[in-house]
Amino acid sequence: MVSTVALVGGAGGALAQGRLQTPPPVPGAEGSSGAGTSAGLVQLAVRRLPDGVELVISGTGAAPQLRQSVDGSRWQGQILTSQPGALRFGAQRLSMPELGMQLVSLQGSGSSYQLEILTANGMPSRRPTVSADGQNLILTFAAPAQVVQQTARLDLNQPGSIPLPSEVPAFRPRAVAPPLGDMAVGSMVLRNPSLLQVKGPRVTLTLKNAPAKDALMALAQIGGYGFVYVDSDGGAAPAALGANAQGGAGAGASSRLVTISFRNETYARALNSVLLASGLQGKVDGNLIMAGPSIAGRSFAPQLSKVYRLNQVSPNSAADYLANLGATVSKINTITTSVTQGVAQAAAVSSAPSSQTTQSTEQTTVESFGAKQGPLLGLQATTDPRLGTVTLIGDAPLIAVAEHYLRQLDLRQRQVALSVKILDVNLDNDTSIANSFAFKFGNNYIVNDSGKFLGSFGNGYPSGTTPAISQPSEGQFIDYLRAQIVSSSTKLLASPTLILSENSEAIAGGAEVAAATSAGGAGGASSALSAASIGRPRANESFVTVGTNEVTAYTSNQATGSNTGGVITCTPSFGVAGLTLGARASKIDDNGFVTFTLSPAISAVTSTQTVNGCGSIKILSVRRLDTGTVRVRDGQTLILTGVISDQDIATVTKWPILGDIPLVGQFFRTSGRTRSKRELVIMVSPKVINDESGGVYGYGYQPASMPARQWLGQGAP
């Protein structure tokens with residue numbers, strides 16, 4: 001629907017047909033009326049309102065006309081001016097998704113200009129409120145309400161919560177389904193193998209509860225064809241019969257009864273109707289019609305055999321797919337049986353002889369499987385996992401169809417480069433005030449050691465006090481005041497890039513978590529790696545560990561026996577102090593969306609403990625974030641934050657009573673306060689690798705040192 005709005009008037013007013021308002025002149029919008037406006041030079045400016053957005057088309061003159069139309073999510077307007085002009089900056093294109101406008105474009109010349117608006121997310125477009133101020137044409141569109149974003153700075157001197165917006169976003173104008181992307185489709189036309197291409201005279205025939213084999217033989221005689229009935233069990237030898245011959249019935253043939261009535265029907269439809277009604281399969285070989293429950297793989301003609309070496313898909317997966325379409329797949333199945341006889345040494349009676357034997361037997365069988373219906377009935381297939389090949393045996397048309405399926409299956413799986421940036425910010429602020437003094441009169445000492453009262457009467461100076469307080473002489477008073485403020489700010493930045501694919505097959509020897517090393521002795525780490533050298537259980541996973549192996553626990557075992565001497569053996573367990581990052585790519589679709597999961601963790605040594613008889617162990621402080629399934633578009637960046645640790649510890653040591661006296665009490669106490677805040681920020685940017693055109697080495701990697709840049713052939717950053 002197209003509507004026309006004509007605006008007439010000067011700067012002081014406006015007249016319009018349709019929705020029209022008379023706004024004041026637009027301040028702050030480029031190209032509005034006032035100084036600096038050139039008549040005839042048209043340009044587009046944008047002004048944000050609290051509940052909308054204004055598009056100001058300046059230079060349209062005093063009497064512009066607007067013809068507008070709406071088509072779904074697209075709004076189009078044609079602006080006609082009374083005086084010819086030109087675009088000041090040429091054709092303009094804007095994108096404002098946050099305001100609901102995916103694309104805004106202005107183009108044209110002379111007295112006609114075209115303004116086009118495409119809404120974001122497929123939302124329906126609405127007509128604007130049209131107004132003018134004598135020099136500018138103003139279009140006001142509704143937009144989401146502007147929310148003021150509140151931020152707060154990290155203040156260690158005043159711990160507290162960060163204010164967050166409390167406004168609830170409005171509902172969508174209507175229920176909108178999730179967007180649907182394009183799908184890669186491979187199609188081909190399949191010939192119906194159940195329909196026989198035969199020629200013959202028209203048929204007029206009526207049968208009631210007649211054996212299907214007899215009905216087919218009668219139709220073969222009418223068309224001048226020979227007839228062979230092949231039973232499913234293959235027990236009875238098939239008999240090739242002439243037009244007037246008869247064949248013996250196979251097992252179960254008499255149970256297939258049909259009731260038909262044809263009047264001047266075509267020969268091909270009549271024969272195929274009997275096959276369809278009886279559930280039998282038919283095949284034409286020269287002038288011979290063969291029928292039976294499973295006749296697709298029977299033929300007098302030579303068969304074709306092809307061996308396909310697959311590049312991406314595994315041969316077993318491809319063979320299983322062909323079996324679902326009707327092909328008969330043969331595989332070797334080996335069953336291993338182990339039988340153990342005797343008593344184990346641990347369960348035997350002391351000093352009694354023990355013997356235990358284990359015998360293993362293997363039974364190898366060839367199993368064939370496949371669906372009973374599908375376009376590949378009659379095709380035989382087998383696999384060779386060592387070479388990654390699939391062997392197909394059958395008629396040439398069947399192999400051609402199967403080859404088409406294999407070409408669609410053997411596609412390369414996509415790969416994605418996950419560029420991860422991890423920022424760990426630690427802010428510490430420690431404040432402590434301690435006062436110590438000593439006083440002596442006679443043989444008696446009174447000492448205040450950082451808020452602790454120490455006294456000695458007649459025994460000399462008390463031991464274990466702070467060395468800074470020397471032993472005073474008779475009647476001497478010594479005071480020692482210590483105050484300090486320690487502030488520290490540290491950050492740990494890691495930027496690994498992980499290459500992952502969609503392949504979710506299991507990796508032999510992979511471990512669930514590579515960093516969870518646990519082994520004995522000094523070579524514990526190497527022993528753990530030998531048990532799980534890959535470090536991940538599946539091919540679409542990756543794991544990065546950057547840090548130091550620290551001893552976090554000991555397992556002690558005391559040797560028993562007369563000659564051991566009770567030696568205690570300590571087995572250490574290790575943990576990583578540093579960064580560990582696990583990632584898993586679940587799906588990389590054809591529209592550029594990457595679905596993945598992350599599990600980053602940062603650990604640091606916070607304290608040390610001693611285990612008697614073994615040694616010291618480290619206590620690790622761990623911060624870990626396990627995401628769920630996340631979907632991000634190719635090239636976009638996902639920021640994960642909010643893993644915040646906030647600690648405020650206050651410690652006071654004072655004399656009883658005296659430490660609570662105002663002003664004076666500070667000389668009889670020691671106070672300390674420790675404040676620390678830590679925040680973990682993770683940024684992830686997936687980049688789908690284009691295998692056809694190649695990719696940039698390192699995906700934007702910028703080495704920090706000059707030797708590394710020289711080795712990569714890069715200059716100064």
Worked check of side-chain contact (heavy atoms from CB on, under 4.5 Å) between V104 and M96: CA-CA 8 Å; V104 179; M96 299 175 290; 3.9 Å; yes

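- Within a 6.0 Å radius of CG in D182, no more than 12 heavy atoms belonging to other residues, nucleotides or ligands are found.
- Donor-acceptor pairing under 3.5 Å is recorded for the side chains of R624 and S599.
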Starting from the C-alpha separation in whole Å, work towards a yes-or-no answer on side-chain hydrogen bond (donor to acceptor under 3.5 Å, both in side chains) for T580 and T545. CA-CA 4 Å; T580 57; T545 302; over 6 Å; no

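- Side-chain contact between V42 and I57 is present, with at least one heavy-atom pair separated by less than 4.5 Å.
- For D410 (side chain) and V313 (main-chain N/O), a donor-acceptor pair under 3.5 Å exists by modelled atom type.
- Residues V681 and L640 fail the side-chain proximity criterion, which asks for heavy atoms closer than 4.5 Å.
- Side chains of V594 and V416 form a contact here, defined as non-hydrogen atoms less than 4.5 Å apart.
- For T637 against M683, the heavy-atom pair with the smallest separation is CG2-CB, 4.2 Å.
- The distance from atom OG1 of T119 to atom CE of M101, rounded to the nearest 0.5 Å, is 9.5 Å.
- Environment of CD in Q373: sparse, with no more than 12 heavy atoms of neighbouring residues, nucleotides or ligands closer than 6.0 Å.
- Neither side chain, Y113 nor Q78, offers a donor N or O lying under 3.5 Å from an acceptor on the other.
- Between I588 and D634, every side-chain heavy-atom pair lies at or beyond the 4.5 Å cut-off.
- Smallest separation of non-hydrogen atoms from L409 and A318: CD1-CA, 4.4 Å.
- Contact between Q413 and Q312 at its shortest, heavy atoms only, is N-OE1, 4.4 Å.
- Counted by atom type alone, E116 and W75 present zero donor-acceptor pairs between their side chains at under 3.5 Å.
- Inter-residue side-chain proximity for L44 and L94 is flagged as met; some heavy-atom pair is nearer than 4.5 Å.
- Of all heavy-atom pairs spanning L581 and P496, the tightest one is CD2-CG, 3.8 Å.
- To the nearest 0.5 Å, the span separating CG on L406 from CG on N311 amounts to 11.5 Å.
- L322 CG to N324 CG: the interatomic distance, rounded to the nearest 0.5 Å, is 9.0 Å.
- Using modelled atom types, one side-chain atom of D133 and one backbone atom of N136 make a donor-acceptor pair closer than 3.5 Å.
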For Q43 and Q92: C-alpha separation, side-chain torsions, deciding distance, then whether side-chain contact (heavy atoms from CB on, under 4.5 Å) applies. CA-CA 8 Å; Q43 72 178 76; Q92 294 181 260; 3.7 Å; yes

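- Interatomic distance, D626 CG to T597 OG1, rounded to the nearest 0.5 Å: 9.5 Å.
- Considering only heavy atoms from C-beta on, V130 comes within 4.5 Å of L137 through its side chain.
- Annotation: side chain of V420 is not in contact with side chain of V544 (no heavy-atom distance under 4.5 Å).
- If you take CD on Q65 and CG on L80, they are separated by 5.5 Å, rounding to the nearest 0.5 Å.
- In this structure, S501 and A539 approach most closely via the heavy-atom pair OG-O, 4.2 Å.
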Verdict with reasoning, F596 to T629, per side-chain contact (heavy atoms from CB on, under 4.5 Å): CA-CA 6 Å; F596 59 91; T629 301; over 6 Å; no

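- S105 places no side-chain N or O within donor-acceptor distance of the main-chain N or O of L115, the cut-off being under 3.5 Å.
- Side chain of D320 to backbone of A323: no donor-acceptor contact under 3.5 angstrom is found.
- Judged purely by distance below 3.5 Å, without hydrogens or angles, the side chains of Q114 and S112 pair a donor atom with an acceptor atom.
- At a threshold of 4.5 Å between non-hydrogen side-chain atoms, the residues V632 and P686 count as touching.
- The two residues L500 and E541 make their nearest non-hydrogen contact at CD2-C, 3.7 Å.
- A donor-acceptor pair under 3.5 Å is formed between the side chain of T627 and the backbone N or O of L598.
- The structure places CD1 of I499 at 9.5 Å from OG of S419, a figure rounded to the nearest 0.5 Å.
- A salt bridge is defined here as a Lys NZ or Arg NE, NH1 or NH2 lying under 4.0 Å from an Asp or Glu carboxylate O, and D590 with R414 meets this definition.
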Yes or no on side-chain contact (heavy atoms from CB on, under 4.5 Å) for L55 and I117, after CA distance, side-chain angles and deciding distance? CA-CA 11 Å; L55 301 182; I117 300 174; 3.4 Å; yes

